[in-house]
Structure formats: structure tokens, C-alpha cells
A.B. asks: 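What follows is a single structure, and I will ask about it in a moment.
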Amino acid sequence: MSFPLVTATAVLPALGAVATAAVPAARRTAAKWLALAVSLGTLVLAGWVLAAFDAGGERYQLTESYAWIADFGVRYEVGVDGIAAALIALTALLIPFIIAAGWHDAEPDPDGEGADAGRRWRPTQGFFALILMVEAMVIISFAATDVFVFYIFFEAMLIPMYFLIGGFGDRAHAAGEAEGAKQRSYAAVKFLLYNLAGGLIMLAAVIGLYVVTADQLPAGTFSLQQIAEARASGELEMATNTERLLFLGFFLAFAVKAPLWPLHTWLPNAMGESTAPVAVLITAVVDKVGTFAMLRFCLGLFPEASAWATPVVIVLALVSIVYGALLAVGQRDIKRLVAYASISHFGFIILGIFAMTSQGQSGATLYMVFHGISTAALMLVAGFLISRRGSRLIADYGGVQKVAPVLAGTFLVGGLATLSLPGLAPFVSEFLVLVGTFSRYPAAGIVATAGIVLAAIYVLLLYQRTMTGPVDKPEIAKMPDLRPRELAVVAPLIALLIFLGVFPKPLTDIVNPAVEHTLSDVRETDPEPELPAVEATE
């Protein structure tokens with residue numbers, strides 16, 4: 001296509017972020033509407049990307065390539081396969097809901113003092129501008145087919161996220177605003193340090209990759225397609241130890257972002273101290289870059305090393321599944337419960353990726369999309385609940401379904417989607433991950449099923465403790481039900497969970513060809529089913 005559609009999809013929210021930040025301080029409402037309009041425009045462009053993508057065509061489509069730093073082989077190269085197209089659509093879909101849900105989350109505090117005084121300086125414009133900037137960087141990360149371009153935006157998105165967590169965090173803290181400010185600062189710094197550490201290790205691996213290509217090819221390159229073609233033709237060969245070291249450099253950075261146990265500890269703090277929309281931005285959008293990159297870069301660039309690391313990665317994924325679910329069962333904080341549940345879910349995604357089967361990797365890709373939608377639904381409703389009561393503690397609730405039945409009902413559907421109830425979208429992806437895992441690693445599949453049982457426990461306990469029982473707290477008795485704006489945020493997400501749970505074919509048709517390409521990269525095929533021997537009869 002002559003029109004740079006993929007670049008336009010990322011540039012629009014970036015320009016919108018600048019325009020939103022430039023809105024005068026007295027025009028906060030105008031800044032909100034501008035940000036929402038830009039996010040809807042980006043959604044239209046992302047829908048165009050999805051519509052223009054031909055599932056039966058070339059692997060990478062809507063490609064763009066321009067010289068950038070020619071002396072070092074860096075080019076601005078972008079393109080989408082089915083996996084990237086689906087995740088760009090997910091990102092563009094969720095941002096308008098995140099903006100609408102956070103409509104009042106960054107209002108200035110006229111009485112702000114001490115730790116909160118800084119929030120009075122144009123917080124609204126900055127809040128929505130930062131969200132749009134994250135959207136732009138995530139879209140480019142999904143589309144980048146040049147390793148250096150990917151690295152730049154993979155790291156750059158940490159800066160706006162740092163300010164969203166630390167500067168616009170959740171103020172419903174049981175220990176008071178002063179302690180809450182300290183916790184927000186701690187969570188933001190921990191998020192930044194963990195991800196920067198992983199990024200620095202990846203930078204060393206990116207440089208190492210360039211050195212290897214410069215040594216064996218006519219010129220060094222960061223182009224994913226050029227490296228893959230050179231390896232396929234035998235023009236580029238990596239020594240076993242070199243490939244494994246480079247793989248580890250990339251994988252560690254992605255495992256931090258994913259987040260994979262034991263590199264996950266930043267996530268509960270970051271989600272717990274963020275507003276609900278920012279928590280959704282973290283786990284439903286930003287963290288997906290880590291699991292996506294495992295598919296595109298780890299498996300695409302280092303197939304032999306990926307096969308070498310598979311047993312260890314599968315064990316770590318299983319630990320994440322069980323560990324995250326167990327800690328979710330014992331949580332007293334609603335948002336930290338969702339955070340630990342997400343750690344368990346990311347374990348399923350990584351398990352599906354490294355099962356090295358078409359069902360597992362298709363399920364992992366669908367899991368990224370469906371987990372984003374289901375977590376957004378559950379966390380945003382939880383945010384509406386917390387904003388009414390002013391507390392994140394589960395013990396401060398009870399009997400909500402009697403006074404706010406619509407809120408309780410949407411909370412229940414979001415929770416049931418989180419536990420992968422049949423008929424809702426996450427069931428499809430979790431089922432495919434387990435089928436793909438069982439076909440190659442039966443023992444791992446058996447262990448992973450424990451996560452399903454534990455998910456039912458923490459979701460149903462959460463609903464029982466917050467929504468059922470008598471209304472014995474005055475704050476609950478006067479709690480209003482969902483308002484029209486809040487219902488407009490949640491209802492489409494619930495509808496999508498039901499529609500894709502019943503009819504996931506439009507998405508699987510886009511994803512499956514890309515998965516086949518990924519399996520060919522690692523030279524894997526689905527294992528043959530073992531059939532019982534049949535005795536011949538006379």
C-alpha cells in the first residue's frame with residue numbers, strides 16, 4: 001500500500017498526546033474529549049489494518065522500510081503478521097475504554113497538600129497524554145520488524161508508564177494519603193528498575209546480534225527478515241553458545257515484561273498502586289509486548305536456543321500458573337488479587353508459546369487478546385466499585401449485589417471470564433493451550449490444570465465476599481449502581497467476551513497462518529497422535 005497505514009496508526013496517538021498536553025489548564029474537559037477522539041480515530045485505523053490484512057497472503061504485510069541510521073544498518077521497518085494485527089487491534093480497542101473509565105481519575109485536588117500538592121498542576125492533560133503516548137509506543141513495538149526499532153520503543157514506553165504509576169496512582173489507600181504516596185513512588189521505581197535491568201541485558205544482546213551479522217554478512221543488520229533469510233540460506237550461522245547467550249539476553253527482558261516467575265514481583269505493586277484504568281493499561285496492553293516478543297524475536301531469531309531452553313521455560317511457566325493462582329486465593333486487596341491472577345494467566349500464555357505446537361501457540365495468541373478483554377472488564381468494574389467505597393480491601397465490602405445489581409452482575413461476568421468459563425472467550429484460548437501442551441508434554445498439562453481449579457476458587461471467593469451477604473455497612477447501603485458512562489465502558493467488553501467465546505473463528509483465521517510460520521521457524525511440527533494398535537481379523 002502506498003499509504004503508510006501502520007505508521008499512521010502509531011503516529012496519530014503520538015500527535016494526539018502532544019495536542020492533549022498542550023490544551024490550556026482551564027480546559028480540562030476539552031483535553032479529555034480530544035484524547036477520546038484521538039483514541040477512537042486510532043481504533044478506526046487499527047480496524048483498517050485488520051481489514052487490509054490478508055490471512056492467506058505474505059507473512060508480513062503492510063510493510064514499510066526507510067533508511068534511518070545507515071552506517072549501522074538500522075532501518076525503520078514495520079509490518080504486521082496475523083499475531084501483530086490482532087494485538088494492535090486489541091490495543092486500539094482498549095484505549096478508548098481506558099480513557100472513558102479514567103474520566104475523573106486525574107481531576108486536580110483544590111485542597112492538595114504535601115505529597116499530593118503536585119497533582120494540582122495540569123494533571124488531567126498529562127494523564128491522558130501519557131496514555132496516548134503509551135498506545136503509540138506499544139503499536140510500533142508490535143509492528144517493528146527491525147530489532148533496533150523494537151528495542152527503542154520497548155524501552156521508551158517505560159517512561160510514560162513510570163509517571164502514570166507514580167504521579168497518577170490510586171488514592172484509595174488504607175494507610176492514608178501520605179503512606180499511599182510513598183507506596184506509589186515505590187511501585188513506580190520498582191517497575192522502572194526491573195524493566196530497565198531487563199532492557200539493558202537485551203541491549204547487550206542486540207549489539208551482539210549486530211556483531212554476528214556484521215561478521216558474516218556483507219553488512220551488519222538489525223532486520224528481522226534479512227536475518228531470517230540469511231539463516232535459512234546458510235549464509236548466517238551462529239555458534240551454539242553464541243545463539244544461547246543472545247537468546248537469554250532477549251528472553252530475560254521479555255520475561256520481566258511478561259511477567260514470568262521469578263521476575264514478576266514488580267507487577268502486584270504496580271497494579272495495586274495504579275488507578276484501575278492504568279492497571280488495565282499495564283497488564284492488558286503493555287505486558288503483552290513481552291509475550292508477543294517471545295514469539296517474534298526469541299523463536300524467530302534463535303530457534304535452536306529456543307528448543308534448548310524449552311524445558312526450563314515450561315517449568316517456570318507452570319510455577320507462574322500455580323504460584324500466581326495460590327497467592328490470588330489469599331489476597332485481601334482486590335487489585336492485587338487481579339494482579340496475581342494475571343501472573344497465573346501469563347504463565348498459560350508462555351506455556352502455550354513454548355509447547356511448540358500449533359494449538360498451543362494459537363491458544364497463547366488468543367489468550368493475549370482474550371485476557372486483555374477479560375482483565376479490562378473485571379478491573380474496570382473493580383475500579384468503579386473501589387471509587388464508590390474508597391477502599392481496595394475485600395473485607396470492606398459485602399452485599400453489593402443487593403444495592404447495585406448491575407455492577408455486581410458485570411463484576412460476576414468479568415470474574416467468570418477470568419476463570420475461563422465455557423461460553424466466554426478465555427475458555428477457547430485456555431482450552432487450546434492445554435490441548436497443545438498435553439499433546440507434547442502431558443505432565444505439564446496435568447500441572448497446568450491446577451490453575452483452572454484455583455482460578456475458580458479465587459474468583460468465586462472474591463465475588464462471595466464482596467457481592468453477597470447482608471448489607472451491614474453504611475457505605476454499601478448508599479452505594480449507587482453503574483452510571484451511564486460506566487455502563488458504556490463495561491457493556492461492550494462483556495458483549496465481546498460472549499461473542500468471541502461463541503464464535504472465535506474471525507480471530508483464529510487471522511492468527512493461525514502466523515502461528516504456522518512461527519513453528520516453521522523453529523522447525524517443529526505437531527506431534528502425531530498415538531493410536532491404539534488394531535489387531536487384524538480374519
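Numbering of residues begins at 1 and proceeds along the displayed sequence. Note that the structure is a prediction, hence the values are computed from the model and not measured. Hydrogens, waters and symmetry mates are skipped; everything else that's a heavy atom, side chains included, is used.
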A.B. asks: Whether the side chain of Ser39 engages the backbone of Leu36 through a donor-acceptor N/O pair (distance < 3.5 Å, no angle test) should be reported.
C.D. replies: yes
A.B. asks: Begin from the C-alpha positions of Leu267 and Asp287 and carry the test side-chain contact (heavy atoms from CB on, under 4.5 Å) through to its verdict.
C.D. replies: CA-CA 10 Å; Leu267 182 67; Asp287 287 354; 3.6 Å; yes
A.B. asks: For a side-chain contact (heavy atoms from CB on, under 4.5 Å) check, start with the C-alpha distance between Tyr323 and His264, then their side-chain angles and the critical distance, and finish with the verdict.
C.D. replies: CA-CA 11 Å; Tyr323 171 86; His264 67 285; 3.2 Å; yes
A.B. asks: Checking side-chain hydrogen bond (donor to acceptor under 3.5 Å, both in side chains) for the pair Tyr458/Thr418: CA distance, chi angles, key distance, verdict?
C.D. replies: CA-CA 10 Å; Tyr458 63 69; Thr418 298; over 6 Å; no
A.B. asks: Within the structure provided, determine whether Gln359 and Leu434 are in side-chain contact (heavy-atom separation under 4.5 Å).
C.D. replies: no
A.B. asks: Assess the side chains of Thr375 and Thr283: does a donor N or O sit below 3.5 Å from an acceptor N or O?
C.D. replies: no
A.B. asks: Verify, without hydrogens or angle tests, whether Asp481 (side chain) and Leu407 (backbone) share a donor-acceptor contact under 3.5 angstrom.
C.D. replies: yes
A.B. asks: Starting at CD1 of Ile457, measure out to CD1 of Ile452 and round the result to the nearest 0.5 Å.
C.D. replies: 12.5 Å
A.B. asks: What is the minimum heavy-atom distance between Pro492 and Leu487, and which atoms define it?
C.D. replies: CD-O, 4.1 Å
A.B. asks: How far does CG of Leu281 sit from CE of Met379, to the nearest 0.5 angstrom?
C.D. replies: 12.0 Å
A.B. asks: Please say whether more than 12 non-hydrogen atoms of neighbouring residues, nucleotides or ligands are located less than 6.0 Å from CZ in Arg485.
C.D. replies: yes
A.B. asks: Mind running ring pair (Phe, Tyr, Trp, His ring centres under 6.0 Å) on Phe411 and Phe384 for me, showing each step along the way?
C.D. replies: CA-CA 10 Å; Phe411 190 84; Phe384 299 148; over 10 Å; no
A.B. asks: Do Ser320 side-chain atoms and Trp261 backbone N/O form a donor-acceptor pair below 3.5 Å?
C.D. replies: yes
A.B. asks: To the nearest 0.5 angstrom, please state how far the CG atom of Asn269 sits from the CZ atom of Arg184.
C.D. replies: 13.5 Å
A.B. asks: Testing the basics here: between Asp396 and Ser391, what is the closest heavy-atom pair and its distance to 0.1 Å?
C.D. replies: OD2-OG, 2.5 Å
A.B. asks: Take Ile139 and Thr42, measure what side-chain contact (heavy atoms from CB on, under 4.5 Å) needs, and give me the verdict at the end.
C.D. replies: CA-CA 10 Å; Ile139 289 173; Thr42 306; 4.0 Å; yes
A.B. asks: If every non-hydrogen atom of Ala317 is compared with every non-hydrogen atom of Leu351, which pair is closest and at what distance?
C.D. replies: CB-N, 3.8 Å
A.B. asks: Can you measure from CG (Leu93) to CG (Leu40) and round to the nearest 0.5 angstrom?
C.D. replies: 10.5 Å
A.B. asks: Hey, can you tell me if Tyr367 and His345 have their rings parallel, tilted or perpendicular (30° and 60° cut-offs)?
C.D. replies: tilted
A.B. asks: Give the minimum heavy-atom separation between Thr20 and Ala129, together with the two atoms involved.
C.D. replies: CG2-N, 4.0 Å
A.B. asks: Which heavy atom of Gly324 sits nearest to which heavy atom of Ile343, and what is that distance?
C.D. replies: CA-CG2, 4.3 Å
A.B. asks: Would you say Ile494 and Ile498 make side-chain contact, with heavy atoms under 4.5 Å?
C.D. replies: yes
A.B. asks: Determine whether Tyr340 and Val329 make a side-chain contact, defined as any pair of heavy atoms from C-beta on separated by less than 4.5 Å.
C.D. replies: no
A.B. asks: Taking atom CZ as the centre, does Phe431 end up with more than 12 heavy-atom neighbours from other residues, nucleotides or ligands that are less than 6.0 angstrom away?
C.D. replies: no
A.B. asks: About how many Å separate CG of Asn512 and CD of Gln361, when rounded to the nearest 0.5 Å?
C.D. replies: 11.0 Å
A.B. asks: Give the C-alpha distance, both sets of side-chain angles, the deciding distance and a yes or no for salt bridge (Lys or Arg N to Asp or Glu O under 4.0 Å) between Glu273 and Arg392.
C.D. replies: CA-CA 10 Å; Glu273 300 305 325; Arg392 296 166 5 204; 3.5 Å; yes
A.B. asks: Indicate whether any N or O donor in one side chain lies under 3.5 Å from an N or O acceptor in the other, for Gln401 and Tyr463.
C.D. replies: yes
A.B. asks: Please confirm whether the backbone N or O of Ile131 pairs with a side-chain atom of Glu135, one donor and one acceptor, at under 3.5 Å?
C.D. replies: no
A.B. asks: State whether the side chain of Ser429 and the backbone N or O of Pro426 hold a donor-acceptor pair below 3.5 Å, judged by distance alone.
C.D. replies: yes
A.B. asks: Is any side-chain heavy atom of Phe142 less than 4.5 Å from a side-chain heavy atom of Val289?
C.D. replies: yes
A.B. asks: Walk me through whether Met368 and Leu87 qualify under side-chain contact (heavy atoms from CB on, under 4.5 Å).
C.D. replies: CA-CA 8 Å; Met368 292 186 228; Leu87 292 173; 3.8 Å; yes
A.B. asks: Once you round to the nearest 0.5 Å, how far does CH2 of Trp103 lie from CH2 of Trp33?
C.D. replies: 4.5 Å
A.B. asks: Looking at every non-hydrogen atom in both residues, tell me the closest pair between Val406 and Leu482 and how far apart they are.
C.D. replies: CG1-CD1, 4.0 Å
